[in-house]
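In what follows, a single structure is set out as structure tokens and then discussed.
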Amino acid sequence: MAEEKTFPMTLEGKEKLETELEDLKTNKRSEVIDRIKVARSFGDLSENSEYESAKDEQSFVEGRIKEIDHMLNYAEIIDSDAIDENEVAVGKSVTFQEDDDDPETYQIVGAAEADPFSGKISNESPIAKGLIGHKLGDQVEIETPAGKMSVKIVEVK
């Protein structure tokens, strides 16, 4: 039997997923069911765009519920406090600098909670993979789709 993939995440990320799951099950699901009931009352379902839209949303909601359930069942909570304070790991923020460019800071999180626009990158991203396990002050070569980059780790929190 194949081993199930685990989903590394912070405790905060797990709690966020649990909140989303609860909202989907208690609020969104019933909202969509109500929309389907209203759309059915409009008559002929074959030409009813409201009905089709509601059914599509129902599929999305049910799919997201299954996806979150699966991630939570196989969640691996990362305790970044158990790792050396100067070592880059999931759950920690790292600031690095490439040559004379401005420093960049990201929090490394599990893929389920990644949000690059909020400064949270997935542990599966090329930059995170290249940084994880290295320590404050290390010069690191990172292979990215755009080519190699050489960065120095200037802060780990």
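Computed from a prediction, not measured in an experiment: that's the story for all the values here.
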Linked, directly or transitively: Leu72 and Ile78 (ILVMFWY side chains, under 4.5 Å)
no
Are Ile77 and Lys14 close enough that some pair of their side-chain heavy atoms sits under 4.5 Å apart?
yes
Show every ring-ring contact (aromatic ring centres under 6.0 Å, His included) that has at least one partner inside residues 5-45, sequence neighbours left out.
Phe7-His70
Using side-chain heavy atoms (C-beta onward) and a distance below 4.5 Å, is Leu17 in contact with Met71?
yes
Salt-bridge test for Glu67 and Arg64: reply yes if a basic N is under 4.0 Å from a carboxylate O, no otherwise.
yes
Measure the OG-CD1 distance between Ser125 and Ile108 for me, rounded to the nearest 0.5 Å.
7.0 Å
Looking only at atom types and distance, does a side-chain atom of Asn48 sit under 3.5 Å from a main-chain N or O of Glu50, one as donor and one as acceptor?
yes
Would a distance-only check, ignoring hydrogens and angles, find a side-chain to backbone donor-acceptor pair under 3.5 Å from Lys92 to Glu87?
yes
Who pairs with Glu31 by side chain to side chain donor-acceptor pair (under 3.5 Å), at least two apart in sequence or on another chain?
none
Does any non-hydrogen side-chain atom of Ile36 lie less than 4.5 Å from one of Gln58?
yes
Using the rule side chain to side chain contact (heavy atoms under 4.5 Å, CB included), only one of Ile132, Ile121, Val94 pairs with Ile127; which is it?
Ile121
Show the nearest heavy-atom pair for residues Val151 and Ile142, with the distance to one decimal.
CG2-CD1, 3.7 Å
Is atom CD of Gln97 surrounded by more than 12 heavy atoms (other residues, nucleotides or ligands) closer than 6.0 Å?
yes
I'd like to know if Lys135 and Glu155 make a salt bridge, using a cut-off of under 4.0 Å between side-chain N and carboxylate O.
no
All N/O donor-acceptor pairs, side-chain side in residues 109-120, below 3.5 Å, sequence neighbours left out:
{"residue": "Glu113", "atom": "OE1", "partner": "Thr10", "partner atom": "OG1", "Å": "2.8"}
{"residue": "Glu113", "atom": "OE1", "partner": "Gly13", "partner atom": "N", "Å": "3.4"}
{"residue": "Glu113", "atom": "OE2", "partner": "Thr10", "partner atom": "N", "Å": "2.7"}
{"residue": "Glu113", "atom": "OE2", "partner": "Thr10", "partner atom": "OG1", "Å": "3.3"}
{"residue": "Asp115", "atom": "OD1", "partner": "Phe117", "partner atom": "N", "Å": "3.4"}
{"residue": "Asp115", "atom": "OD2", "partner": "Ser118", "partner atom": "OG", "Å": "2.8"}

Within 6.0 angstrom of Glu12 CD, more than 12 heavy atoms from elsewhere
no
Taking Asp99 for the side chain and Asp101 for the main chain, is one N or O donor matched with an acceptor at less than 3.5 Å?
no
Contact summary for Gly137 and Lys152, nearest pair of heavy atoms:
O-CE, 3.7 Å
Inter-residue atom distance Ile65.CD1 - Lys28.NZ, 0.5 Å rounding:
11.5 Å
Residues Glu76 and Tyr74: side-chain donor-acceptor under 3.5 angstrom:
no
Given side chain to side chain contact (heavy atoms under 4.5 Å, CB included), test Gln139 with Ser150 step by step and report yes or no.
CA-CA 7 Å; Gln139 189 73 32; Ser150 179; 2.9 Å; yes
Whether Arg29 and Glu62 form a salt bridge (side-chain N of Lys/Arg under 4.0 Å from carboxylate O of Asp/Glu) is what I want to check.
yes
